[in-house]
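Have a look at the structure below, then the notes.
Counting from 1, the numbers follow the sequence of the chain as shown. Source: prediction; values computed, not measured.
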Amino acid sequence: MAKVMPQTCYLVLLVLLVGKSVYGADQEIGTYELKRGDFSVRITNFGATVLSVILPDKNGKLDDVVLGFETLDEYKNDSTYFGALVGRVANRIGEAHFSLDGVQYNLSANDHGNTLHGGAKGFSDVIWTVQSHKPDSHLTLTYNSYDGEQGFPGNLSVMVTYLLIGTNKLALKMEAKPLNKATPVNLASHTYWNLGGQNSGSIMSHTIQLLASKITPVNDQLIPTGQIVPVQGTPYDFLQPREIGSEINQLPGGYDINYVLDNTGSAHLKKAAVVKDGKSGRKMELWTNKPGLQFYTSNMLHNVKGKGGFIYKEHAAIALETQGFPDSVNHPNFPSQIVNPGETYEHVMVYRFTAN
Ligand SMILES: *[C@@H]1O[C@H](CO)[C@@H](O)[C@H](O)[C@H]1NC(C)=O
Ligand SMILES: *[C@@H]1O[C@H](CO)[C@@H](O)[C@H](O)[C@H]1NC(C)=O
Ligand SMILES: *[C@@H]1O[C@H](CO)[C@@H](O)[C@H](O)[C@H]1NC(C)=O
């Protein structure tokens, strides 16, 4: 031990010195842990991605409840968006273009002629700068998006903070400031949750409550039609807690739809979803200040090799992506996502975990 110490100190010092001088240029890809008691979260600055969330079940047994890969390299060639922070505009933009102030902006078309999650190289595929890391409290990452990146207008300064609060609570604070042009901004966290553990198989028997009375229906390319319709009397109605699998067979593939959250317009965070896994006793509540939530049951996950070599199949997890409505830039009746220079985009998510 004594022999290793000086070398370790030297290395740490070197990393600190070198790390500082390359900020903004060749930022290293690393992993950063946040930990309080037996609740811990690991994040990488590649894509500001959540790598793991470990928490106890009702008997105190620890499990990792988010899907992901074994190595960081696998995140670089990933089409699942496991744990990623997606932007500049999350979700789909129809035909990969939109108009703003009389200019048509042509975007990276990476999904059947449409734009998905900010284009072929969105915020989930770039290296973020580590601004601040305190292992028992928070990690703050920033990214400077340039004018024309993936086709979007103007420079955009983006900041994301992962923050531990109290016991077993994780908050995500996303901020973005346009520097010189108005631009749409819609950031989302694309974490895949399985409260039974990432290697437990299916979420069909989890119960979910979604505090949303309406959805925005989509066409066969998953682009919103522009309608906003009630969920009442349809398999989309999760106003009362119900098993995810109970009516999933009535839908092609499963759930992949934007819910219009109730109680929008309030200045405070509102409860958006409650998920429970009866077997482990784990429960997750999600609160947000955003008007929409994309509920996705991993319909497109086909035999992806994940952590520990476990093979993830359809419905191995759920994603609960709070955000604005998809394709808002092309639907004037949806809440606007345009942010002007001088304004700040702010998106907060709070996860509260319990087990009993
Ligand atoms: C990247 O992923 C694609 C499928 O998504 C696969 O065909 C390709 O071989 C992968 N490339 C590398 C270098 O792993
Ligand atoms: C986008 O494409 C249209 C038509 O192809 C073109 O008129 C327009 O100038 C392009 N927009 C930008 C910002 O380059
Ligand atoms: C926008 O970004 C470019 C390159 O990233 C930089 O040269 C330019 O000064 C920036 N402009 C503003 C107004 O921040």
Side-chain angles (χ1 to χ4, degrees), residues 22-32 34 41 43-51 75-76 78 81-93 98 100 105 107-108 110 115-133 138-163 170-191 288-292 294 321-324 326 328-329 335-350:
V22 297
Y23 263 15
D26 292 309
Q27 179 80 26
E28 294 279 330
I29 296 174
T31 65
Y32 301 86
L34 300 176
V41 181
I43 300 146
T44 174
N45 58 327
F46 181 78
T49 301
V50 175
L51 299 172
Y75 285 89
K76 293 182 192 163
D78 163 44
Y81 298 92
F82 280 154
L85 202 292
V86 295
R88 182 180 300 202
V89 175
N91 218 309
R92 290 179 174 80
I93 294 179
F98 68 95
L100 180 60
Y105 291 97
L107 308 172
S108 160
N110 59 332
T115 302
L116 176 61
H117 295 327
K121 194 171 192 291
F123 293 177
S124 51
D125 283 311
V126 299
I127 302 174
W128 294 59
T129 300
V130 179
Q131 288 298 343
S132 159
H133 178 220
H138 71 274
L139 173 71
T140 297
L141 304 168
T142 57
Y143 179 65
N144 293 318
S145 177
Y146 55 87
D147 191 0
E149 185 171 9
Q150 304 295 295
F152 289 102
N155 295 6
L156 184 71
S157 163
V158 190
M159 181 163 88
V160 173
T161 297
Y162 289 94
L163 175 72
L170 173 68
L172 237 99
K173 195 175 169 206
M174 302 165 233
E175 265 187 23
K177 292 181 205 267
L179 299 184
N180 47 3
K181 289 181 191 170
T183 178
V185 181
N186 185 37
L187 306 180
S189 176
H190 207 302
T191 303
T288 189
N289 64 340
K290 283 290 149 188
Q294 186 82 15
E321 308 155 52
T322 62
Q323 55 184 278
S328 280
V329 282
S336 172
Q337 291 168 0
I338 304 301
V339 187
N340 296 296
E343 297 174 344
T344 302
Y345 164 92
E346 282 183 320
H347 180 178
V348 179
M349 304 175 86
V350 176

Measure across [X] and [Y] and return the closest heavy-atom pair with its distance rounded to 0.1 Å.
X: Pro153; Y: Ala182; result: CG-O, 3.5 Å
X: Pro335; Y: Ser328; result: O-OG, 3.4 Å
X: Asp147; Y: Gly154; result: OD1-N, 2.7 Å
X: Val160; Y: Tyr162; result: CG1-CE1, 3.9 Å

So, taking the atom named [atom1] in [X] and the one named [atom2] in [Y], what distance separates them when rounded to the nearest 0.5 Å?
X: Ser108; Y: Glu149; atom1: OG; atom2: CD; result: 10.5 Å
X: Thr288; Y: Met349; atom1: OG1; atom2: CE; result: 6.0 Å
X: Trp128; Y: Thr142; atom1: CH2; atom2: OG1; result: 8.0 Å
X: Ile338; Y: Leu100; atom1: CD1; atom2: CG; result: 4.5 Å
X: Thr322; Y: Leu172; atom1: OG1; atom2: CG; result: 8.5 Å
X: Leu139; Y: Leu34; atom1: CG; atom2: CG; result: 6.0 Å

Subject >> With Val329, the side chain to side chain contact (heavy atoms under 4.5 Å, CB included) member among Thr115, Ile93, Asn186 >> reply: Ile93
Partner residues of [X] under the ring pair (Phe, Tyr, Trp, His ring centres under 6.0 Å) criterion, sequence neighbours left out:
X: His347; result: none
X: Phe123; result: Tyr143
X: Phe98; result: Tyr105
X: His138; result: none

**OP:** In sequence, state the C-alpha distance, the side-chain angles, and the governing distance for Thr161 and Thr140, and then conclude on side-chain hydrogen bond (donor to acceptor under 3.5 Å, both in side chains).
**Re:** CA-CA 4 Å; Thr161 297; Thr140 297; 3.0 Å; yes
Original post:
Which residues pass the salt bridge (Lys or Arg N to Asp or Glu O under 4.0 Å) test with Glu175, sequence neighbours left out?
Top reply: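 For Glu175, the residues satisfying salt bridge (Lys or Arg N to Asp or Glu O under 4.0 Å) (neighbours in sequence not counted) are Lys173.
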Is the shortest heavy-atom distance from the side chain of [X] to the side chain of [Y] under 4.5 Å?
X: Leu107; Y: Gln150; value: no
X: Leu170; Y: Leu163; value: no
X: Gln323; Y: Val86; value: no
X: Tyr345; Y: Leu187; value: yes
X: Asp125; Y: Phe46; value: yes
X: Val89; Y: Val185; value: no
X: Asn45; Y: Ile127; value: yes

Original post:
Within the distance-only criterion (no hydrogens, no angle test), does the side chain of Ser145 pair as donor or acceptor with the backbone N or O of Asn155 below 3.5 angstrom?
Top reply: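 Between the backbone of Asn155 and the side chain of Ser145 there is no qualifying donor-acceptor contact (under 3.5 Å).
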**OP:** Taking Asn110 for its side chain and Gly119 for its backbone only, find out whether a donor-acceptor pair lies under 3.5 Å.
**Re:**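 Between the backbone of Gly119 and the side chain of Asn110 there is a qualifying donor-acceptor contact (under 3.5 Å).
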**OP:** Could you pull out all residues at least two apart from Ser157 that satisfy side chain to side chain contact (heavy atoms under 4.5 Å, CB included)?
**Re:** Asn144, Leu179
**OP:** State which residue, out of Glu321, Gln294, His190, fulfils the side-chain hydrogen bond (donor to acceptor under 3.5 Å, both in side chains) condition with Asn91.
**Re:** Gln294
